[in-house]
Amino acid sequence: DQQVKQNSPSLSVQEGRISILNCDYTNSMFDYFLWYKKYPAEGPTFLISISSIKDKNEDGRFTVFLNKSAKHLSLHIVPSQPGDSAVYFCAAAYYTGTASKLTFGTGTRLQVTL
Amino acid sequence: GAVVSQHPSWVICKSGTSVKIECRSLDFQATTMFWYRQFPKQSLMLMATSNEGSKATYEQGVEKDKFLINHASLTLSTLTVTSAHPEDSSFYICSADRTVNSPLHFGNGTRLTVT
């Protein structure tokens, strides 16, 4: 049962344009959401997060939007750069009492073209 | 710089042997670490939660006798794949929390190939 889904396995965007990566979740107990960037054979690198009490968080070129009623979040990258090409994972978490464990989506491969 | 170090980055072993993977938090103490596994073109799947000083908590479907986890100190957790088989070949990644609800910091992963 995939509780976090990224329905687009790949996305191609022209340099300078906006990249929008989408993520849906089913578990209403999730209260913290994160986006990670991953290169092959490396661990994920944290990009940006959002708490369920917010609907938007912005950090430089990266903005995450959360729509709790729709159980949907998205990552916007503006402007997109070739170095952004990677696999992006969304992840969701809820506090377990000791630490938050993450449930990952299946990933979206972003290709930023010149 | 890296805050979680994982070693080795890749390992090839023969079927039937055991392999140990180390995960260290470099500048913070982690009472909890997590072990994930990723198959090619698939998501990272949580295998187990490693708790310092107590038994690990395994996710459903993960064999605890096959994937031995030891979290003997606040900066080190180890995953031992016992009697490895080719189907255990995968990319194993550890992570650690600096504080609750902080972004998890990941190691660079270990590519295990069992021949």
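As the structure is a computational prediction, the values presented were derived from the model and not from experiment. Each chain gets a letter, A, B and so on, in the order the sequences are listed, and its residues count up from 1.
Aromatic ring centres of Phe62(A) and Tyr36(A) lie farther apart than the 6.0 Å criterion allows. Here the two rings, on His105(B) and Phe46(A), have centers that are 6.0 Å apart or farther.
The pair Glu15(A)-Arg17(A) does not meet the salt-bridge criterion, since no charged nitrogen lies less than 4.0 angstrom from a carboxylate oxygen.
To the nearest 0.5 Å, atoms CZ (Arg37(B)) and CG (Asp88(B)) are separated by 5.5 Å.
Within the 4.5 angstrom heavy-atom criterion, only side-chain atoms of Glu59(B), from C-beta onward, approach chain A. For Gln38(B), the part sitting under 4.5 Å from any heavy atom of chain A is the side chain, from C-beta outward, and nothing else. The contact between Leu44(B) and chain A is made by backbone and side chain atoms together, counting heavy-atom distances below 4.5 Å.
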